[in-house]
Amino acid sequence: MMTKEQSSISLLNALDNVCSSGLTLSMPEFDRLKKSIKRECSIFLYKRATPLLWAVFLGGTGTGKSLCFNALCGADISESGVERPKTQGPIAYLHETKLVNETFPLTDLEIHRIESPSPDKTRNSGISGHISIIEHKRTDLEHLAIVDTPDLDSLEIGNREIAEVFYLLADIIIFVASQEKYADAVPSQFFQRVYHEGKPYFFLINKASPELTRDEVVRFFREQKLDLTTDHLYPIPYLKNASRERITEDSEFTKFKRVFFDFCRSDRFMPMRRDSERHEARALSRKIDSLLDQVSCENDAVEEWLGILAKLYTTNSHEITTKLEQHYKKTSQDHLQREIKKIFAKYDILRKPRGYVIRIITAPLKLLGITTEKTSRDHAKELHKVRRNIDITPILLVLEQFNQQVLEQLSPEDETSPLYLELRKPDSVMSEKEIRIRIEEEQDKLAHWLEETFADMTRGLSKTKEWGIYTTAILWGLMIISFEIVLLGGIGILEAALDTILAPFVTKGSAGLFASREIKKIARELDQRYRAGLLSILKEQKDRYSRGALSTSTSPETIEMIRSFRHELGDII
Ligand SMILES: Nc1nc2c(ncn2[C@@H]2O[C@H](COP(=O)(O)OP(=O)(O)OP(=O)(O)O)[C@@H](O)[C@H]2O)c(=O)[nH]1
Ligand SMILES: [Mg+2]
C-alpha cells in the first residue's frame, strides 16, 4: 500500500509521462494543458497534505499591496515604495511551525527563510525567483499563511507567473486596486477570473478619493456583469503620508481587517478548506478529463499509424524477393552457368575409371598427409569468396524505399511534433553501414549453418553407399552453388535453378535421386534461412519506427494512474 506522499509522487511522475505524437493535436496547446494540470495537481496535493489557509494579496503595480499586507499582518514586513515594481518576489508571513519544505509545490521558487525576526530587520522587498518566508510565533495566525506578491500586471513575465501560481495556491484572494487603476485591463481581467472561478475574495480599492463610494464601484462592476459582495469590498481612502500605522487606523481598513479575520477564523478553517478543495477538484477534473480524451485520441492515432506501418512492412518484405529475383536474372545466370560447368568437369574427372587412376596417383600423397579433399578451412574460404562478390544493392534499395514511404505516408506535417522529430532522429533509420553489418551477420550465420550441415552429411558419406557417385568435393561444389544462388538473389526461383543445376548429376539409380533430394532440401533451407535473415533486417527497421511511435504515446499504466486520481477527485466533488 502506497503512502499518500508516494502516491502523490507517482501521480506527478505519471503526468510527466503523458506523451503525444502530434498526430491529432496541436503540441503547444497540449503542452500548456499538461503543464497547468501538473502545476494544479502539485498544488492540490500539497494543500491536501498541509493544513493551512492561504490568503494572497494580488493586484497591479503600486496599488499599495505591500502597505496593506503590512497593515493586515501588523508588522512592517514587506517594503513599500515608489520604485516600480517594488516587491521583487513573493513574501509569506507564516507561523514558525508551518514548514514550507521540499514538498512545496512551486518548485521554480527557491525557499528563503527568515526566522522569527525583529520587526526592523524584517522589512524586505522579496527576491526574484525566491519565496521569502518570514516566520512568526503568533498563535492567532497559526492556521494562516498571508502572502504579498509582486505586481500581476508586470512587464516581468516572471512576476505574472508568480501571480498565476499564487492565485492557484490561494484559498482567499485579497485583490488590491487603486482608484486610478481598478478599471485597467489586466487587473480587471484578473479579478474577473477570481470572480468567475468563485474563489473567496476581498476587494480593496486603495488610495480612494472621498467621493468614491462603495455603491459607485458596485455599479461599475455590475455593468461588467460582476455582482460584487459589498461586505467584501473596501474603498480605502487616499492618505497623505501613508504608512502602515495610518492605514491600520483607517476605519474602512479596520472594518476589512475585522471581517477578514472573522472570515478566516480557525473554527471556519476546515469547512473553508473543504469548499476550496471541492472547488479545486472540480476545476482539475475538467482539465484531466480533457487531457484523458486527448491522450486516448492520440493513442488511437498511434495504433492506426502502426497498422499502416505494418502494411508497408509487408509490401516491402515481398519486394525483397522481387527485387532480388530481378537482380538475379540480370546478373547471375551466366556466372552460375560457368560455376556449374566447373563442377561438372570435376564430376567427370572423378568418374570411373578415370577416378581409379586419380586414386592411384593421389594415394602416395594421402600417405604423406596431403589430400585432394578440401578441409573445412577451405570451405570457409570458398564461402567467404562467394560472399565477397555479392552485390547487396537490392536489399539497400528496399530499405531505402521503405524509409521513404514511411516519411511520405506516416510523418506528421507539424515539424515540431514529437513523432515528426522521432522519425528523423539519427538512430531511427538504419545507416548503410549498419545494414551492411547486419547482412554480413546473416550471411555469417548462413555460412556456419551450411558448413555444419555439410559436415554432418559427409560424416555418413563414407559409411553408406547411398550417395553413389557423389564425392564430397562434388557435393560441396553443389552446396556452394546453392549458397551462391541464394545470396545472389535467386530466392524466388531457387527450385527451378536447382533442377537445372542438378540435372546433369542425377543418375538413374536410387542413389542419384536420394542425393539430389538431399541437396535440394538443404538448398531450400538455405533459401528460407537467408530470406528470414533479410526480413529480420527490414523488421528491425520497422521495429525502430514502431518503438519511436510508441515512445510518443502514453502507456496504459500512466493512463490508469491518472484515471484513478480522477476517480478520487470525483469523490471529493
Ligand atoms: N499617499 C498615499 N500613498 C500610498 C497609499 N497607499 C500606498 N501608497 C504609496 O504607494 C506606493 C506603492 O505602495 P506599495 O505598497 O509599495 O505598492 P505595491 O502594490 O506593493 O507595489 P509593487 O510592489 O510595486 O507591486 C508607496 O510609495 C506607498 O507609500 C495611500 O493611501 N496614500
Ligand atoms: Mg509591493
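Every number for a ligand or one of its atoms is a count from 1 in the order of the listing. The first residue in the sequence is number 1, and the count goes up from there.
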Taking 4.0 angstrom as the limit and counting only heavy atoms of [X], give me the atoms of ligand 1 inside it, by number and element.
X	answer
Lys86	22 (P), 23 (O), 24 (O)
Thr61	24 (O), 25 (O)
Leu239	1 (N), 2 (C), 30 (C), 31 (O), 32 (N)
Pro85	24 (O)

Backbone or side-chain N or O of [X] under 3.5 Å from ligand 1 N or O:
X	result
Tyr238	yes
Pro150	no
Thr63	yes
Thr87	yes
Ile247	no
Ser66	yes

Check this for me: does any side-chain nitrogen of one of [X] and [Y] sit under 4.0 Å from a carboxylate oxygen of the other?
X	Y	value
Lys255	Glu252	yes
Asp543	Lys539	yes
Arg48	Glu280	no
Glu422	Lys425	yes

Shortest heavy-atom approach to [atom] - which of [options]:
atom	options	answer
atom 7 (C) of ligand 1	Asp153, Val176, Leu67	Leu67
atom 8 (N) of ligand 1	Lys240, Lys207, Gln88	Lys207
atom 3 (N) of ligand 1	Ser243, Ala242, Ala208	Ala242

Check the angle between the aromatic planes of [X] and [Y] and answer parallel, tilted or perpendicular using the 30° and 60° thresholds.
X	Y	answer
Phe104	Phe166	tilted
Tyr195	Phe191	tilted
Tyr201	His232	perpendicular

(request) Decide, counting backbone as well as side-chain atoms, whether Ser80 has an N, O or S atom less than 2.8 Å from the Mg ion (ligand 2). (result) no
(message) the Mg ion (ligand 2) and Thr61: any N/O/S contact shorter than 2.8 Å?
(response) no
(request) May I ask you to establish whether Arg244 and Phe69 are in a cation-pi arrangement, using a distance under 6.0 Å from NZ or CZ to the six-membered ring centre and at most 45° from the ring axis? (result) no
(request) Compute both the distance and the angle, then confirm whether Lys199 meets the cation-pi test with Tyr167: under 6.0 Å from the six-membered ring centre, within 45 degrees of the axis. (result) yes
